[in-house]
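Keep in mind it's a predicted model, so treat the numbers as computed, not measured.
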Amino acid sequence: MFSFSNIQAQKIDAKMKPFESVEPKGTQAANTNFTGTVFVNMIVKPEDGLHSNIGKVTFEPKARTNWHSHPTGQTLIVTEGIGYYQEKGKPIQLIQKGDVVKIPPNVVHWHGASHHSSMTHIAIVSLGEKESAIWLQPVTDEEYNAFI
């Protein structure tokens with residue numbers, strides 16, 4: 001017979017490793033690679049031994065990454081809000097809840113929130129033998145405002 005108390009007892013068992021949670025907003029990211037207010041919750045880290053970085057990233061309105069690329073590519077799964085995505089030399093694209101953005105290896109790009117909405121995505125990067133991201137210059141206000 002199913003018992004909720006049995007499930008609770010299993011969760012309290014000290015031998016069980018606690019699970020990571022996607023729910024916390026995370027910690028505020030330094031403005032080294034971002035413009036504006038950005039929160040990062042790293043769900044899977046290199047030290048987990050899973051050969052990937054997976055993080056939930058929340059951008060407040062107008063916040064965005066610097067231009068950057070990933071030697072192994074990147075996948076973004078937008079879970080909340082409305083944002084922008086742009087590859088170098090191409091127009092800005094609107095991204096929103098439910099969108100999956102598949103970014104090929106070494107493509108220089110940026111992503112972030114729209115002017116009037118926050119945006120949250122899950123970012124997935126496979127780890128290779130090199131850095132997981134190559135960070136470049138900030139996206140200027142002129143570049144960011146090109147969507148309007």
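- Taking hydrophobic clusters as Ile, Leu, Val, Met, Phe, Trp and Tyr residues chained together by side-chain heavy-atom distances below 4.5 Å, Val44 shares a cluster with Ile77.
- Once rounded to the nearest 0.5 Å, the distance linking NE2 of His116 with CD1 of Ile82 reads 10.5 Å.
- Enclosure of atom CD in Glu142 is not indicated, since only 12 or fewer non-hydrogen atoms of other residues, nucleotides or ligands lie within 6.0 angstrom.
- Shown here are the side-chain hydrogen bond (donor to acceptor under 3.5 Å, both in side chains) partners of His70, two or more places apart in sequence or in another chain: His68, Gln74.
- With Asn66 contributing its side chain and Leu136 its backbone, the two residues share a donor-acceptor pair below 3.5 Å.
- In plain terms, the two heavy atoms of Pro61 and Ala113 that are nearest each other are CA-CB, 4.0 Å.
- A distance of 10.5 Å separates CG of Asn41 from OG1 of Thr120, quoted to the nearest 0.5 Å.
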- Task: Would you sort out whether Val38 and Thr58 count as a side chain to side chain contact (heavy atoms under 4.5 Å, CB included), showing the intermediate values?
- Result: CA-CA 6 Å; Val38 179; Thr58 301; over 6 Å; no

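- Taking each heavy atom of Ser132 and Leu127 in turn, the nearest pair found is CB-CD2, 3.7 Å.
- Between the CG atom in Asn53 and the NZ atom in Lys45 there is a gap of 10.0 Å [rounded to 0.5 Å].
- Closest of all the heavy-atom pairs between Gly81 and Ser117 is CA-OG, 3.8 Å.
- There is no path of hydrophobic side-chain contacts, each under 4.5 Å, that joins Phe147 to Leu76.
- Thr65 places a side-chain N or O within donor-acceptor distance of the main-chain N or O of His111, the cut-off being under 3.5 Å.
- Here the OG-CE distance, from Ser114 to Met119, works out to 8.5 Å after rounding to the nearest 0.5 Å.
- Sorted by first and then second residue, the ring pair (Phe, Tyr, Trp, His ring centres under 6.0 Å) pairs involving residues 27-64 (not counting sequence neighbours) are Phe34-Trp135, Phe59-His121.
- Tracing side-chain contacts under 4.5 Å through hydrophobic residues (I, L, V, M, F, W, Y), one reaches Val57 starting from Val78; they form part of the same cluster.
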Under 3.5 Å, sequence neighbours excluded: what are the donor-acceptor pairs made by side chains of residues 87-95?
from: Glu87; atom 1: OE1; to: Lys90; atom 2: NZ; distance (Å): 3.1
from: Glu87; atom 1: OE2; to: Tyr85; atom 2: OH; distance (Å): 2.8

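- Looking at residues two or more places apart in sequence or on another chain, you find no side-chain hydrogen bond (donor to acceptor under 3.5 Å, both in side chains) involving Ser126.
- Applying the side chain to side chain contact (heavy atoms under 4.5 Å, CB included) criterion to His115, with sequence neighbours excluded, gives Lys62, Tyr84, Tyr144, Asn145, Ile148.
- For the pair Val125 and Thr72, the minimum side-chain heavy-atom distance is below 4.5 Å.
- Hydrophobic clustering, with ILVMFWY side chains joined whenever heavy atoms are under 4.5 angstrom apart, groups Ile103 together with Val40.
- A donor-acceptor contact closer than 3.5 angstrom links the side chains of Trp67 and Glu143.
- Two residues are said to be in side-chain contact when any heavy atoms from C-beta on lie closer than 4.5 Å; Asn106 and Pro71 meet this criterion.
- Note on Val107 and Val101: same hydrophobic cluster, where clusters join Ile, Leu, Val, Met, Phe, Trp and Tyr whose side-chain heavy atoms are under 4.5 Å apart, directly or indirectly.
- Between the side chain of Arg64 and the backbone N or O of Gly36, no donor-acceptor pair lies under 3.5 Å.
- Qualifying salt bridge (Lys or Arg N to Asp or Glu O under 4.0 Å) partners for Glu60, counting only residues two or more places apart in sequence or in other chains: Lys25.
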